[in-house]
Amino acid sequence: MGETILSVKGIAKRFGHIQALRDATLEVARGSITALVGDNGSGKSTLIQILSGNLLPDRGEIQVGEACCHGLTIRRAMALGIRTVYQDLALDDCKTSVENIFLGSELTRGPFLDRRAMAREARRLLEEIHVEIPDLTEPVGRLSGGQRQGLAIARALRRPGELLLLDEPTAAMGIQESHSTLRLLAGLRDRGMTLLIISHNLHQVFALADYIYVLRAGRVLTGTATGDTTVDALQEQILRREREEDRL
Amino acid sequence: MSPLRKWCARRSVPLLLLAVCLGLMAFLSVRTQSFFSLKNVVNILEANSYRLILACGMMCVIASGAIDLSAGSILSFSAIGAAMAMRAGAPVWLAILLALALGTAMGAVNGLIIHLTRINALIITLGTSFLYRGMSLIATRGIPITKLPQGFRDFGFGDVFGMESGVTMSFLVVLVLIPFFYHMRWGAYVTALGGNPEALKRSGVSTGRYRISVFALMGALAALAGIIITARLNSAEANAGLDMEMDAICAVIMGGTALRGGSGSLLGTVIAVFLLGLIRNGLTILSVSSYYQQFITGALLLCAVAAAELRERGRRTG
Ligand SMILES: Nc1ncnc2c1ncn2[C@@H]1O[C@H](COP(=O)(O)OP(=O)(O)OP(=O)(O)O)[C@@H](O)[C@H]1O
Ligand SMILES: [Mg+2]
């Protein structure tokens, strides 16, 4: 494993009486793709939101590069180069594709929005990641699930950053779209970016990730290099752990 | 779709309202010889300048996914503040600044409470509307403050381009709002507050700033409307502006801005205010009893909302 860019230690987070995270500990190597898998409600999205500064953990430590902190704010996470594609995508349905891609980081000329430059840049970005949206000046509320995910990815890629967190980025995509997205993500790694990706599709995970962490009931169970395990082994592992927990 | 058709499709509500306006004007000028004069249009503009100012502020608030029921109370209290200051010997310009500052502050308090508590704006501003109205009543003991200095009264009747100064001010408000609302970050973030505040927050924007500023703007514009009304009446009253926020909300919704927020139509708001004024004016000219006015306004609002809703459904399914 190469140099560690992100290290998470003993993160815990509680919502009312639900302990979403108990003891999340993992490390992400610079320039790698790390996958986070686990059942529904195992706390994956909660961890991503904590790493993005959208939630504060109750306990634990986050280290990004040299910076070490207990919790992050959204701005701090952004300043540290963390970009996120949220599970709910965080799109404003009333705004157009262009406006959504640039929300919070608009291009301006003086005090005014530079719509032409933003439209040009958005078109280029979407072309690069093979997302086809016929009319970029229509509200995004009417786009398909895959197109919306494409937009969210385009927005995350627009801002400079070296750590990309993706929460089920291809869940709503068709075969062709998810293939091109996966190719894109692999391409980003080759360009030196670091990716932490959540997915329920183990085959996809195996095709893409260098390292896999399994999250179960808010606890990180295992971390293995992809080469040291197989889909069946991993599935078996998750199931066995599940039975163990049931017995407790 | 051709650019022209798209432009029209996007502005179908304002265009429809405009058509209704023109039809009404044509009808009125046929029925009465006196109507279709420029003078009458100016009359309508003059009688509705403060309504337009209030509606512009309300449009921004509604676009941000909120509502302000306290605008009328803010109007009254800031005007009373100015009147009391002038009675105590303050110069006119200072009194006006004071009114604007009071209005801005009261609006900002609304925004701050809503941002901090995350309680629905309807409830919070319902509360503050009683609070601010109560402050007006306490400060005046219900007695109007009259006999204001001439320099202040000029604000109501002062002649700019042959029209009351209120008209100029309302046009200025619209002209200043166009770039802020449509072409700058402020408008983009205010509408995002209505569309998806979580998305705005997650893109690193401090949402409180925009929540507070949009309510502060509403407050400042309510104060401006209060100044115009008070100057015209030569009297500041605790009951001034009663129910005026409802007129403003009515015009905004009629103008095609959805109550759920996310986007807003300044053009539609302007035309809707004018249309409502035109109806009031036309009924007077036709000597129809004012009892019918509210009924017709209500019917028109329902029709406008129904038309907007049908169009939206047609889009979703078609
Ligand atoms: N804001 C919240 N308030 C209350 N409970 C929450 C909140 N967010 C998450 N939870 C709870 O925390 C647990 C973990 O949720 P999380 O979204 O992290 O799961 P997940 O692993 O992403 O699941 P999925 O695969 O379905 O996306 C769940 O039981 C969920 O109900
Ligand atoms: Mg999730």
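Proteins get letters first, then strands, A, B, ... in listed order; numbering begins at 1 in each. In this text, all values refer to a predicted model and were calculated from it rather than measured experimentally.
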Report, in residue-number order, which members of residues 94-118 of chain A are under 4.5 Å from chain B by heavy-atom distance.
A:Cys94, A:Lys95, A:Leu103, A:Gly104, A:Ser105, A:Glu106, A:Thr108, A:Pro111, A:Phe112, A:Leu113, A:Arg115
Within residues 66-87 of chain A, the residues sitting under 4.5 Å from chain B by heavy atom, in sequence order, are A:Ile74, A:Arg75, A:Met78, A:Tyr86
Between A:Asp88 and B:Arg202, does any side-chain N to carboxylate O distance fall below 4.0 Å?
yes
Do you know the tightest heavy-atom contact between B:Ala199 and A:Ala90?
CB-O, 3.1 Å
Nearest heavy-atom pair of B:Thr191 and A:Asp92: which atoms, and what distance?
O-OD2, 4.1 Å
A:Arg59, CZ atom: more than 12 neighbouring heavy atoms under 6.0 Å:
no
Which atoms of A:Leu91 approach chain B - backbone, side chain, both or neither, heavy atom under 4.5 Å:
backbone
Option that, when pairs with chain A are counted at under 4.5 Å, heavy atom only, ranks first among B:Gly262, B:Gly194, B:Ala258
B:Gly262
